[in-house]
Structures are given as C-alpha cells and as structure tokens.
Amino acid sequence: MAVDAREFLSQLESDFTAKSISIAGFPEVCVRLLRELRDPYASNTVISALVSQDAKLSRRVILMANSAAYRSATGPAVQVRAAVARIGLSALRAVVIAYAFAEIKEQEIYRHVSARIGVILARGMIIASVSRVLLGMTVGRRADRDAVSLSGLLSGVGKVYILTEASHHPEVLVDFAAVQHLLSTWGSRFTRKLLTDWNFSEEIVKAASGMDHQPGLDSDDPVSDILYVSSMFADMKDEPEDLARRLQVSAPAMRLGFQALDPVAVFKAAEEEATAMHGTPG
C-alpha cells in the first residue's frame, strides 16, 4: 500500500515507541555478536567462533589486527582468535558495526537509498578518524579514546534506519525535502534508541545521538566537544578556509584550544590515522 510522508512519519513514531527495533538485512552474525559483546567479560572463544562464521568479517578483523595501529612484535595475526585478542572487544564492536552497515548498503532492496547511506557512513568514518587525531592534541581535558571513536562511527545509525525503512516506500523517497526533514528531526532519536537496544554505554549513546547539537557554553564534557568539532570537519571538508575561521569562534573548539588548528594538516593526519587503524586491503 502506498504511503505519503505524513503516513511514514506516523510509522516512525510507532517504531520509536516500540520495545525494540531492528534493521532488515542486518547480518545475523552481527546481531549475535553485538548481543555477546554486551558483556565486558565476553569469552574470546565464543566471540571468535561467531566472527569465524563470516569469511568477510573475519578478513576485516584480521586486517585490523595487522594494521599499523595494532601490529605486534610477535608477528602477524593469522587466526581470528589471535586477531580478536589483539584489537580488543571495543574495537571489534566498531568493526562489526561498520561491516554490517557496509553489507546493508550493498543489498538490492536498498539500492534506492544506497548512495545516501554511503554518505552517512563516510561522514561517520571521517568524524571517528578526525576525533582520534584531535584527542591526541587535547591538553588538560581527558576523554576515552574508544568512546570518542565509537561515537563518531555510530553517529549516523539512526538515519540509516530511517532510510532503510523509507526504501520500502518509493513514493516517500521522491519527496527529497520531506526525507531530509525526517532525517534531521528523527535521526538522533533513532540513534539513541538503536544504541540503547545494543547496550552501548550511556556515554557513547549520549555522544553519538547528540553530536549535531553544539554543547552548551558551560559544558564540561570533552567527548562532546571533540565530537562536535570533528563533525564540523566532516561537514566542511571541502571548505578548509571557512572551517579555520569557524574554529576561531566555536565555543567547543575554544574550550579545547583548537582555535588556530590547520584543517588541512588535521585532515592529513586523520587519513593516516584511518589507514593505521584499518590497514589497506590486499
């Protein structure tokens, strides 16, 4: 049955009040892994066995374990179990999420929204890599590296959910302005709902779902500040001069001492950081 934007909004409102939601096509092995990874003491044996069920996911995990950021003097990791032990459960969660959404983007059912999903995921990757660089430059304000990186990567999951639901209603997708409005007004809400369902920490849920809102003038949350500045980098990546000027008057940037940052240098460091973290597929 055809629905218009108003009826689709009603569907979203119903989804938001549901006990839990899921994304059709989300790889089952990733669902199971996220459930297991809720436990900070999850068994390496169980986790590794689940990862090994998916050959492409296994290659990604091993690739990360052998990247510059995780390389070990003991030599390359060739087995999934050794790779999981080397990168740790927090980094594994990031790999699982990135892999799951990359798989969704390639599914035929989502071909009409694939490009939009790709833009959202790319933005999250930029935010994650820039935030890691900015974290290394922060003086006097401590923030958890995993929380910063994961929050950036996960910041667009609510928008991805909305697009996957909209893909079943081509008549909604043709109303570009309506879809953009739904993404901007409901994206952060569904990000919070999904990440809460997946049992991410409240710190990550708050940071990922609140990233597009500038922290208050009296904020004392370095994670939110770093992520907000990183989102500025992602949104103005093709306007480095304008970005430099905006940093000079941004409250989060000023609190972090980033008013005089060189955007070009930061982007270069972020690209190197991303390569070091994820490696280069052979």
Side-chain angles (χ1 to χ4, degrees), residues 16 34 37-38 40 69 88-91 93-94 97-98 120-161 183-237 243-263 265-267 269-270 273-274 277:
F16 189 73
L34 287 174
L37 289 168
R38 291 176 178 178
L89 299 187
S90 181
R93 283 176 120 182
I97 291 289
I120 292 168
L121 298 182
R123 181 177 187 266
M125 291 293 290
I126 293 173
I127 293 173
S129 58
V130 169
S131 67
R132 289 194 295 268
V133 170
L134 296 183
L135 180 59
M137 302 169 64
T138 303
V139 177
R141 300 183 75 197
R142 302 182 65 85
D144 182 80
R145 177 183 171 88
D146 289 333
V148 168
S149 183
L150 274 173
S151 297
L153 186 65
L154 296 166
S155 58
V157 299
K159 292 181 179 179
V160 171
Y161 174 81
L183 293 176
S184 63
T185 56
W186 284 87
S188 62
R189 302 184 203 183
F190 277 101
T191 292
R192 170 171 282 277
K193 184 172 183 63
L194 283 164
L195 298 189
T196 299
D197 285 353
W198 291 337
N199 205 38
F200 279 92
S201 70
E202 177 56 27
E203 180 182 29
I204 290 176
V205 172
K206 176 185 174 183
S209 60
M211 195 171 306
D212 293 330
H213 305 287
Q214 179 167 312
L217 292 176
D218 58 348
S219 173
D220 189 33
D221 181 358
V223 172
S224 294
D225 279 350
I226 289 172
L227 288 167
Y228 183 78
V229 174
S230 298
S231 71
M232 290 168 55
F233 272 81
D235 294 336
M236 303 181 72
K237 61 182 182 300
L243 175 57
R245 285 191 287 269
R246 185 175 171 190
L247 290 171
Q248 295 173 12
V249 297
S250 165
M254 288 189 283
R255 280 195 293 265
L256 295 165
F258 290 164
Q259 307 97 302
L261 281 184
D262 177 2
V266 172
F267 279 124
E273 170 79 7
M277 283 286 293

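This is a predicted model, so every value here is computed, not measured.
Taking every heavy atom of both residues into account, R123 and A234 meet most closely at CG-CB, 3.9 Å. Nearest heavy atom pair, residue R246 against residue Y228, reads NH2-OH, 3.2 Å. Residues V157 and L194 share a closest heavy-atom pair of O-CD1, 3.7 Å. Residues S224 and D221 come closest through the heavy atom pair OG-OD2, 2.7 Å. For the pair I127 and G152, the tightest heavy-atom approach, listed with the atom from each and the gap, is CG2-CA, 3.6 Å. Residues K206 and R192 approach most closely at CA-NH2, 3.7 Å, considering heavy atoms.
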Practice item. Go through the steps for F233 and L247 under the test side chain to side chain contact (heavy atoms under 4.5 Å, CB included), then give the verdict. Key: CA-CA 10 Å; F233 272 81; L247 290 171; 4.1 Å; yes

Point to revise | Candidate pair W198 and L37, rule side chain to side chain contact (heavy atoms under 4.5 Å, CB included), full reasoning | key: CA-CA 9 Å; W198 291 337; L37 289 168; over 6 Å; no

Exercise for review: Start with the C-alpha distance between F200 and R93, add both sets of side-chain angles, then the distance that settles side chain to side chain contact (heavy atoms under 4.5 Å, CB included), and finish with yes or no.
Suggested key: CA-CA 10 Å; F200 279 92; R93 283 176 120 182; 3.5 Å; yes

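Paired with V160 under the rule side-chain contact (heavy atoms from CB on, under 4.5 Å), one option of T191, L183, I120 passes, and it is I120. A side-chain contact (heavy atoms from CB on, under 4.5 Å) with I97 is found for one member of L150, L121, L154 and no other, namely L154.
The structure places CG of D225 at 8.0 Å from OG of S250, a figure rounded to the nearest 0.5 Å. Atom OG of S155 sits about 11.5 Å away from atom CE of M125, to the nearest 0.5 Å. To the nearest 0.5 Å, the span separating CH2 on W186 from OH on Y161 amounts to 11.0 Å. Rounding to the nearest 0.5 Å gives a distance of 8.0 Å between CD1 of I204 and CG of L195.
Inter-residue side-chain proximity for S188 and H213 is flagged as met; some heavy-atom pair is nearer than 4.5 Å. Annotation: side chain of V133 is not in contact with side chain of F267 (no heavy-atom distance under 4.5 Å). Contact annotation: the side chain of L134 approaches that of V229 to within less than 4.5 Å [non-hydrogen atoms, C-beta and beyond].
For S131 (side chain) and A128 (main-chain N/O), a donor-acceptor pair under 3.5 Å exists by modelled atom type.
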